[in-house]
Amino acid sequence: GCKMADGNWYRVGATRVLGCTRCTCEARDYVYCVDLCPDCEYNYRRYPIGESFQDGCKVCMCQGRGKVVCSEEECPYHRSKMFQTFGLS
């Protein structure tokens, strides 16, 4: 059998899904794992590993396995032009 990442022993041929990884006990003490979540989901959209995208004023990037990292920059403050009229008496 094989000892998998969850700490349990499994018989040859057994398959377990642990988070984003599917592991199969292929042979004695040999576990073969496949990443099931190589890309990222952010605001209901999927992005491939390495892709950058905007979220408002922030720039974000998919680092894989569901991890998205965004810049901490604040949006620049936009002040609308206001004109004040003062009456002369």
Side-chain angles (χ1 to χ4, degrees):
C2 305
K3 187 175 185 179
M4 294 202 194
D6 64 0
N8 294 315
W9 286 89
Y10 295 91
R11 64 176 170 70
V12 173
T15 298
R16 294 280 298 160
V17 175
L18 305 167
C20 283
T21 306
R22 180 181 64 222
C23 295
T24 302
C25 179
E26 296 282 323
R28 184 171 178 253
D29 293 329
Y30 177 73
V31 178
Y32 176 74
C33 297
V34 175
D35 191 357
L36 302 175
C37 313
D39 55 354
C40 303
E41 184 175 327
Y42 188 84
N43 287 339
Y44 307 105
R45 291 190 61 197
R46 297 202 76 76
Y47 298 93
I49 294 172
E51 183 169 323
S52 296
F53 55 94
Q54 293 280 137
D55 179 14
C57 294
K58 296 186 286 187
V59 176
C60 301
M61 180 155 89
C62 172
Q63 292 192 329
R65 297 186 59 84
K67 184 175 181 181
V68 173
V69 175
C70 297
S71 66
E72 295 293 327
E73 298 173 23
E74 295 282 328
C75 289
Y77 178 72
H78 294 285
R79 187 184 305 193
S80 61
K81 292 184 178 181
M82 296 179 64
F83 295 96
Q84 294 179 339
T85 305
F86 295 97
L88 297 174
S89 50

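Given the structure is predicted, the values throughout are model-derived calculations rather than measurements. This chain uses plain numbering: 1 for the first residue, then up along the sequence.
V17 and R22 get closest at one heavy-atom pair: CG2-CG, 4.0 Å. Residues D39 and C62 approach most closely at C-SG, 3.9 Å, considering heavy atoms. Residues A5 and L18 come closest through the heavy atom pair CB-CD1, 4.0 Å.
If you run side-chain contact (heavy atoms from CB on, under 4.5 Å) between M61 and each of S71, S52, C40, only S52 comes through.
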Next item on the list: Apply side chain to side chain contact (heavy atoms under 4.5 Å, CB included) to the pair F53 and V68, showing each step before the final yes or no.
Entry: CA-CA 10 Å; F53 55 94; V68 173; 3.7 Å; yes

Next item on the list: Determine, stepwise, if the pair V59 / Q54 fulfils side chain to side chain contact (heavy atoms under 4.5 Å, CB included).
Entry: CA-CA 5 Å; V59 176; Q54 293 280 137; 3.3 Å; yes

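Between C70 and Y42 there is a side-chain heavy-atom pair separated by less than 4.5 Å.
D29 pairs by the salt bridge (Lys or Arg N to Asp or Glu O under 4.0 Å) definition with nothing, not counting sequence neighbours. E41 pairs by the salt bridge (Lys or Arg N to Asp or Glu O under 4.0 Å) definition with R46, not counting sequence neighbours.
For the atom pair OG1 (T15) and OH (Y32), the distance works out to 11.5 Å, reported to the nearest 0.5 Å. Atom CE of M4 sits about 10.5 Å away from atom CH2 of W9, to the nearest 0.5 Å.
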